[in-house]
Amino acid sequence: MHQLFVYNSLSRTREEFQPIHEGKIGMYVCGPTVYSDVHLGNCRTFTSFDVIYRFLKYMGYKVRYVRNITDVGHLVGDADTGAEDKISRKARLDQLEPMEVVQRYANGFQEMMNIFNLLPPDIEPRATGHIIEQIEMIQSLLDRGYAYEKNGSVYFDTPKYISRDHEYGILSGRVVEELMQESRDDLKGQAEKNHSSDFALWIKAEPTHLMRWPSPWSVGFPGWHLECSAMSTKYLGTHFDIHGGGTDLKFPHHENEIAQNVGACGEAPANYWLHTNMLLLNGRKMSKSEDNSVTPQQLFTGDSKHFSKGFSPMVVRFFMLQAHYRSTLDLTDEALIAAEKGYKRLMEVLKTLETLQAENTGDLSDLDQEIVSLMDGVIDDMADDFNTPKALAKLFELTSKINALGGRQLDPKDLHKDTLMRLQTFFPSFIGEVLGLKDDSSDQDQQLVGGLMELIIELRKNAREHKDWGTADKIRDTLTALSIQLKDGKDGTSWAKS
RNA sequence: GGUCGGUUGGCCGAGCGGUUAGGCAGAGGUCUGCAAAACCUCGUACAGCGGUUCGAAUCCGCUACCGACCUCCA
């Protein structure tokens with residue numbers, strides 16, 4: 001088995017991956033807060049973790065992948081100054097039940113994940129379904145002296161945490177003294193919190209607040225951060241392998257999660273922290289307020305001033321995989337057009353690969369060795385912190401070999417039967433199962449079109465045999481106008497949508 | 001202001017001290033009735049200035065610019 005290396009945000013280095021339990025991996029990824037439509041950036045993050053999940057399984061690990069849905073507790077504004085829960089706020093504005101808001105956007109989210117061909121996680125728990133677990137965790141933090149109650153709300157006590165030799169800021173590189181400094185300044189206000197670096201575990205609900213649950217401290221609702229600690233602990237235990245999320249969650253969300261877990265359970269939750277980087281649009285942060293944003297829907301239809309045309313979900317997925325998950329990725333019209341062509345080439349070569357025949361059964365040729373080492377390289381690249389762009393580069397080198405064999409620029413006599421068999425298994429399964437790429441074109445029409453095209457190609461072949469170039473070219477030109485491209489090869493004619 | 005990350009050829013994007021990334025676009029060629037597709041070859045890029053080193057896109061320092069987080073955000 002290839003040794004896996006992952007970049008750990010905690011140590012800021014690439015580390016050899018060692019699972020806690022041989023052959024098994026527990027992975028928790030912070031899911032969306034369902035108070036609005038999915039952000040395209042969300043799609044990139046979860047696509048990255050989807051490939052990670054798929055590759056870990058491909059390597060033979062038994063993975064338990066938990067990705068939550070946050071449907072309560074994520075606040076708008078500051079908890080001290082009349083904070084409002086995001087879901088609650090949206091419910092009030094739209095005059096809906098909070099659960100209607102949650103349901104609507106959770107559905108939309110899952111639909112979109114489906115469209116991008118993401119595997120569903122093994123467990124997709126919701127914060128509102130784990131109020132009791134969260135209350136228990138708060139109690140545990142209070143019992144251990146890591147939290148304090150103020151007027152029915154409960155806060156995490158960061159100075160206490162620090163005073164017991166725990167490193168608050170370990171993940172995000174925050175400087176403790178600074179946080180303390182800020183705290184002193186903040187004491188001048190009438191804030192409920194003792195220090196500005198403290199954060200809410202339980203928030204007492206205003207009478208008008210829509211989402212509320214009874215607790216030992218007040219009728220209220222849990223704070224953001226807590227749901228992830230509670231749910232990861234419930235489903236993966238107090239100590240598991242991988243915790244992931246977008247890099248913007250490092251602080252405060254993940255930092256606070258660590259503090260909560262250490263405080264309540266006595267140990268940091270995860271061995272490896274993986275963070276995905278941001279998606280940019282035309283070199284800048286996506287931002288609605290600055291008119292620099294695009295929704296997945298707009299990207300698919302091309303209904304956006306930023307794009308000249310629409311791009312299919314698989315093209316977008318392929319585009320995302322062409323960059324490493326830890327790098328920012330710049331979404332531009334030009335780059336997507338380029339990605340679309342590359343993606344189509346990859347889909348086309350899958351068909352060519354099926355038609356290849358190998359003749360050699362003797363010694364392995366140089367070509368065989370080249371192909372084998374490229375295949376091994378693909379896995380090596382993935383095992384090195386899930387380097388999809390590097391793996392794709394090798395896949396494209398294999399693409400050239402396959403096409404050359406198909407077009408007789410390379411001699412099939414040089415290809416060993418075993419090599420071909422391996423290639424025909426590996427190549428499609430890696431693209432489909434690990435990268436999660438599939439042919440977009442709708443299956444329904446495909447059979448019909450396939451039959452028609454067979455007929456047309458037959459007719460054109462006859463015309464060409466009679467040197468009736470007029471008819472042959474008319475067929476070709478008309479098809480071209482319909483975005484169907486004919487490819488005349490040594491073994492006859494094939495076609496593809498252009 | 002603080003913390004962290006980035007600046008690679010026309011565009012996107014790997015790269016982690018010495019070896020071709022790759023995709024798209026462009027040029028030339030092979031093949032072809034012509035064309036397309038496919039294949040082959042090519043451009044000689046690493047923000048700037050110093051330093052370390054036999055050797056730096058890769059390490060260190062400074063400068064410039066960009067971005068993320070610090071407040072809701074993947």
Side-chain angles (χ1 to χ4, degrees), chain A residues 9 12 14 29-33 35-36 38-49 74-78 83 86 89 169 172-175 177-179 181-182 196-197 224 244-253 255 275-280 283-288 318-319 322-324 326-343 345-346 348-349 352 377 381 387-397 399-410 464 467-469 472-473 476-477 479-480 485-490 493-496 498:
Chain A
S9 300
R12 297 201 188 101
R14 202 169 132 280
V29 172
C30 289
T33 301
Y35 68 102
S36 68
V38 226
H39 191 286
L40 191 60
N42 270 169
C43 299
R44 150 115 122 142
T45 292
F46 299 132
T47 298
S48 297
F49 283 108
H74 209 150
L75 300 179
V76 179
D78 193 314
K86 279 190 168 181
R89 178 165 187 271
S172 56
R174 295 297 123 145
V175 181
E177 290 76 33
E178 242 169 59
L179 291 168
Q181 179 62 47
E182 281 174 28
S196 69
S197 56
W224 185 42
T247 185
D248 53 339
L249 290 183
K250 265 190 201 170
F251 189 89
H253 186 62
E255 200 68 72
H275 288 100
T276 60
N277 216 135
M278 302 291 104
L279 187 61
L280 305 178
R284 291 174 32 232
K285 181 190 178 178
M286 277 208 228
S287 152
K288 268 184 209 162
F318 172 83
F319 172 73
Q322 272 193 308
H324 188 91
R326 280 193 289 113
S327 300
T328 53
L329 173 59
D330 194 8
L331 197 65
T332 63
D333 193 45
E334 216 178 348
L336 275 168
I337 289 170
E340 183 171 51
K341 289 183 182 165
Y343 163 75
R345 191 159 163 235
L346 209 54
E348 282 306 310
V349 81
T352 307
D381 291 336
N387 199 325
T388 52
K390 234 175 147 185
L392 273 170
K394 291 200 175 66
L395 251 26
F396 274 107
E397 289 186 53
T399 295
S400 293
K401 301 287 177 215
I402 294 165
N403 278 329
L405 285 161
R408 298 288 191 279
Q409 288 95 350
L410 283 174
R464 294 178 75 199
K467 295 202 191 300
D468 179 2
W469 307 129
D473 289 353
R476 188 176 65 197
D477 295 344
L479 288 174
T480 303
Q485 173 190 59
L486 289 181
K487 303 196 278 194
D488 293 328
K490 290 224 161 57
T493 303
S494 61
W495 64 280
S498 58

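The analysis underlying the following values was restricted to heavy atoms, covering all of them including side chains, and did not include hydrogens, waters or symmetry mates. All chains are named by letter (A, B, ...) in the order of the sequence lines, taking the proteins before the strands, and each is independently numbered beginning at 1.
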| said: Any base atoms under 4.0 Å from A:Asp488, or only sugar-phosphate, or nothing? Heavy atoms, all strands. | reply: base
| remark: Under the rule of Watson-Crick or G-U wobble with both distances under 3.5 Å, where | means paired to another strand and [ ] a crossing pair, RNA chain B maps to ((((((((.[[[..)..(...]]].(((((.......)))))....[[[[[..)....]]]]])))))))....
| field | side-chain N/O A:Arg345 vs B:rC24 OP1/OP2, d < 4.0 Å | value | yes
| task | Report the distance from atom CD of A:Glu397 to atom P of B:rG22, rounded to the nearest whole Å. | result | 6 Å
| field | Interatomic distance where CZ belongs to A:Arg326 and P belongs to B:rC69 [whole Å] | value | 19 Å
| query | Which nucleotide sits closest to the side chain of A:Leu329: B:rG13, B:rA74, B:rA14? | reply | B:rG13
| message | For a quick check of understanding: with a heavy-atom distance under 4.0 Å over all strands, which category does A:Lys341 fall into, base, sugar-phosphate or nothing? | response | sugar-phosphate
| What integer distance in Å separates A:Ile402:CD1 from B:rA38:C1'? | 13 Å
| request: Could you tell me whether the phosphate oxygens of B:rC16, OP1 or OP2, come under 4.0 Å of any side-chain nitrogen or oxygen in A:Arg14? | output: no
| task | Check whether any side-chain N or O of A:Lys285 sits under 4.0 Å from OP1 or OP2 of B:rC69, and answer yes or no. | result | yes
| said: So, does A:Lys394 get its side chain near the phosphate of B:rG22, meaning an N or O under 4.0 Å from OP1 or OP2? | reply: no
| note | Separation of B:rC12 atom P from A:Lys390 atom NZ, nearest Å, is 22 Å
| request: Give a yes/no verdict on base stacking between B:rA74 and A:Phe46: centres under 5.5 Å, planes within less than 30° of parallel. | output: no
| request: For residues A:Thr399 and A:Arg345, determine if any side-chain heavy atom of one lies less than 4.5 Å from a side-chain heavy atom of the other. | output: yes
| task | Could you tell me whether the side chain of A:Trp495 reaches within less than 4.5 Å of the side chain of A:Leu479, counting heavy atoms only? | result | no
| query | Mapping A:Gln409 and A:His324 to their closest nucleotides on RNA chain B, which lands nearer the 5' end? | reply | A:His324
| query | A:Met286 versus A:Met278: any side-chain heavy-atom pair under 4.5 Å? | reply | no
| Contact under 4.0 Å: A:Asn42 side-chain N or O vs B:rA74 OP1/OP2 | yes
| message | Considering every strand and a 4.0 Å limit on heavy-atom distances, what is the contact class for A:Ile337: base, sugar-phosphate, or nothing? | response | nothing
| Any A:His275 side-chain heavy atom under 4.5 Å of A:Arg326 side chain | no
| task | Quickly work out the A:Asp381 CG to B:rG23 C1' distance and round it to whole Å. | result | 15 Å
| field | Length of the OH-P vector between A:Tyr343 and B:rC12, whole Å | value | 23 Å
| Are A:Thr276 and A:Thr45 close enough that a side-chain donor and a side-chain acceptor fall under 3.5 Å? | yes
| Taking for each residue the nucleotide of RNA chain B bearing the nearest heavy atom, is the 5' side occupied by A:Asp473 or by A:Gly342? | A:Gly342
| said: If I take atom CZ in residue A:Phe49 and atom C1' in nucleotide B:rA74, what distance separates them, rounded to the nearest angstrom? | reply: 9 Å
| query | Would you say a side-chain N or O of A:Asn387 is under 4.0 Å from OP1 or OP2 of B:rG15? | reply | yes
| When all nucleic acid strands are considered with a 4.0 Å heavy-atom cut-off, which category describes A:Ala335: base, sugar-phosphate, or nothing? | sugar-phosphate
| message | Is a donor from one side chain sitting under 3.5 angstrom from an acceptor on the other, for A:Ser327 and A:Asn277? | response | no
| said: Just to be sure I understand the rule, does A:Ser400 reach a base, reach only the sugar-phosphate, or reach nothing, if contact means heavy atoms closer than 4.0 Å? | reply: sugar-phosphate
| field | Below 4.0 Å: OP1/OP2 of B:rA74 and any side-chain N or O of A:Thr276 | value | no
| field | side chain to side chain contact (heavy atoms under 4.5 Å, CB included) evaluation trace for A:His253 with A:Trp224 | value | CA-CA 8 Å; A:His253 186 62; A:Trp224 185 42; 3.4 Å; yes
| task | Show the numbers, then the answer: is there a salt bridge (charged side-chain N to carboxylate O under 4.0 Å, His left out) between A:Arg464 and A:Asp488? | result | CA-CA 12 Å; A:Arg464 294 178 75 199; A:Asp488 293 328; 3.6 Å; yes
| Roughly, in whole Å, what's the span from CD in A:Glu334 to P in B:rG26? | 11 Å
| message | Please determine whether a side-chain nitrogen or oxygen atom of A:Ser327 lies at a distance below 4.0 Å from atom OP1 or OP2 of B:rA14. | response | yes
| said: Let's see if you can work this out: which of B:rG22, B:rG67, B:rG13 has an atom nearest to the side-chain heavy atoms of A:Asp330? | reply: B:rG13
| query | What's the shortest heavy-atom distance between A:Phe319 and A:Ala335, and which atoms? | reply | CE1-CB, 3.6 Å
